Amino acid sequence: MALTGRTALLAALGALVAGLRPGWTGILAVAVPLLVGVLVDLALAAPVRPLRLARGGDTTVRLGDEAAVHLTVTNASGRPLRAELRDAWPPSAWRPGTAYAASRHRLRVPAGERRRITTVLGPTRRGEHRPDRVTVRSHGPLGLAARQGGHAVPWTLRVLPPFTSRKHLPAKLSRLRELDGRTTVLTRGEGTEFDSLREYVPGDDVRSIDWRATARQSAVAVRTWRPERDRHLLLVLDTGRTSAGRVGDIPRLDVSMDAALLLTALASQAGDRVDLLAFDRTVRASVRGRTGGQLLPSVVGALTPLEPALIETDARAMATAALAGAPRRSLIVLFTSLDAAPVETGLLPVLPRLTRRHTVVVASVADPRIAEMARARGTVPGVYEAAAAASHQIERQHTAERLRALGVTVVEAPPELLPPALADAYLSLKATGRL
């Protein structure tokens, strides 16, 4: 049983009246009617336990969007329900400052009928979100007392990665069609897979002349090439402690996911096969053997619950897992940090095992704040910040040069530029026949 604010107000007024009449007479004159009113109100309030609650609505939503989850309340009792309802979800299911208002509802349900209410969620984290309890406070007709109880109404809302880089996909697909010869623009001399013969024009590479075809006709014939299809890509996400670092408001791992999704969508349109491996000291997620329309949803589903592990990545074990996942020559894209210590002690010693058999790309997120600090001047703290930023940049450049010396392609860019930069690197490798 719960007393309402109206009851408290009446009790205060009653105490004031009782003070004007000394002795028990005044107290009883106020307390008895109020107590009778509370008991009657409580008796007329609809019971909470017989209520039947069921959920419906969205089961998936992209991070940054809103999800509508419906709650159907069926009043199986013989009394009308006048209630306040709280639909409790974890704090990460709400946009900041909206949880209190969005989770509370007022409803009236006549006896034997049902009503539906909608809770609008704005998740701020990826993964699976589940509600806690639905608390119902059923008021009597006088508003003096209420029955209160809770119901567990299960539901699961999967919050997917936002995939904000999909806006770059049309431009990258347009360039891919140029490379693949599906537009009127044909990039001559690029690729490794024979496409067709055409007549020689000044400026063509003489190494592309097909002498046998030329002997059979009166004009000089040259071979045209297109990028090979059905190549294999293995995307390896480092989920160790460095991936937990935040660049602005975004964890490094989430930026890597966004770049991986754009590359997956682009490569699948190019006819290449894409596998995914998330690793720190053990495999955290894996997608293998998916093709066509199954590929991108499978990658999204594997990335959704992924979180950084606050442990040092075992680079040797990660290289072993990557080699096992790429039995033939492949493009291995490693999403990791260019911080000197983990690269020099962990990654550099094992890279020759990968570059000996595969083409390797290292994709890393650059912090724009470092560039801002490097431009700071005019104050003593600003000079110290600029010196620290310059030292950091030199260190990362040195690390990148050591990786390139091993034949690794290094792609480093701020969060919003990393996905298109990585897509461009993939297209360049494809165009030059290195994939």
Side-chain angles (χ1 to χ4, degrees), residues 59-64 92 123 125-130 156-166 232-246 250-268 272-327 330-337 342 346-347 350 354 358 360-365 415 418-419 422 426:
T59 56
T60 60
V61 64
R62 288 198 178 277
L63 186 64
S92 58
R125 293 185 61 182
R126 286 180 296 100
E128 294 186 347
H129 296 257
R130 295 180 176 85
T156 300
L157 179 67
R158 287 174 58 84
V159 183
L160 310 178
F163 194 13
T164 55
S165 63
R166 64 182 179 273
H232 180 236
L233 282 72
L234 177 62
L235 312 184
V236 182
L237 274 73
D238 179 359
T239 56
R241 65 170 183 83
T242 57
S243 68
R246 302 183 75 86
I250 309 173
R252 292 180 182 272
L253 180 59
D254 285 43
V255 180
S256 298
M257 288 181 183
D258 199 35
L261 289 174
L262 180 62
L263 185 56
T264 298
L266 181 60
S268 65
D272 293 335
R273 295 182 299 108
V274 181
D275 291 338
L276 174 78
L277 178 69
F279 194 95
D280 40 68
R281 291 185 182 176
T282 185
V283 176
R284 301 295 180 181
S286 177
V287 176
R288 299 192 63 181
R290 302 289 184 175
T291 57
Q294 298 179 342
L295 176 59
L296 192 59
S298 298
V299 172
V300 170
L303 295 178
T304 295
L306 203 59
E307 295 292 343
L310 300 182
I311 55 177
E312 198 70 41
T313 299
D314 187 341
R316 188 177 300 275
M318 183 167 63
T320 301
L323 289 171
S330 307
L331 171 63
I332 296 179
V333 183
L334 177 59
F335 296 87
T336 189
S337 169
L347 187 59
V350 302
L354 299 177
H358 306 288
V360 179
V361 173
V362 171
S364 181
V365 185
L418 181 63
L422 181 59
Y426 161 76

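All residue numbers in this chain count up from 1 along the given sequence. Note that the coordinates shown come from a computational prediction; the quantities given were computed from them, not determined experimentally.
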Are side-chain heavy atoms of [X] and [Y] found at a separation under 4.5 Å?
X	Y	value
Thr304	Val159	no
Tyr426	Leu263	yes
Pro123	Val61	yes
Val274	Leu235	yes
Arg126	Pro161	yes
His358	Leu234	no
Leu237	Leu303	yes

Minimum heavy-atom distance [X]-[Y], with the two atoms named:
X	Y	value
Gly240	Thr313	CA-OG1, 3.2 Å
His232	Ser330	ND1-OG, 2.7 Å
Thr242	Asp238	OG1-OD2, 3.9 Å
Pro297	Gly293	CD-O, 3.1 Å
Pro308	Ala244	CB-CB, 3.6 Å
Leu277	Ala322	CD2-N, 4.1 Å

Without swapping roles, check the side chain of [X] against the backbone of [Y] for a donor-acceptor pair under 3.5 Å.
X	Y	result
Asp275	Gly289	yes
His129	Leu157	no
Ser364	Thr336	yes

Keeping to residues at least two apart or across chains, list the salt bridge (Lys or Arg N to Asp or Glu O under 4.0 Å) pairs with something in residues 276-303.
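Those involving residues 276-303 are Asp280-Arg284.
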Tell me, please, which residues at least two apart from Arg125 pass salt bridge (charged side-chain N to carboxylate O under 4.0 Å, His left out).
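Salt bridge (charged side-chain N to carboxylate O under 4.0 Å, His left out) list for Arg125, sorted by chain: Glu307.
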Matching residue for Pro419 among Leu261, Thr164, Asp258 - test: side chain to side chain contact (heavy atoms under 4.5 Å, CB included):
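With Pro419 as partner, Leu261, Thr164, Asp258 yield a single side chain to side chain contact (heavy atoms under 4.5 Å, CB included), made by Asp258.
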Candidate pair Leu306 and Thr239, rule side chain to side chain contact (heavy atoms under 4.5 Å, CB included), full reasoning:
CA-CA 8 Å; Leu306 203 59; Thr239 56; 3.9 Å; yes
Evaluation steps, side chain to side chain contact (heavy atoms under 4.5 Å, CB included), between Phe163 and Leu262
CA-CA 8 Å; Phe163 194 13; Leu262 180 62; 4.1 Å; yes
As an exercise, state the distance from [atom1] of [X] to [atom2] of [Y], rounded to the nearest 0.5 Å.
X	Y	atom1	atom2	result
Leu347	Leu354	CG	CG	8.0 Å
Phe335	Arg252	CZ	CZ	14.5 Å
Thr156	Arg130	OG1	CZ	4.0 Å
Leu323	Ile332	CG	CD1	6.0 Å

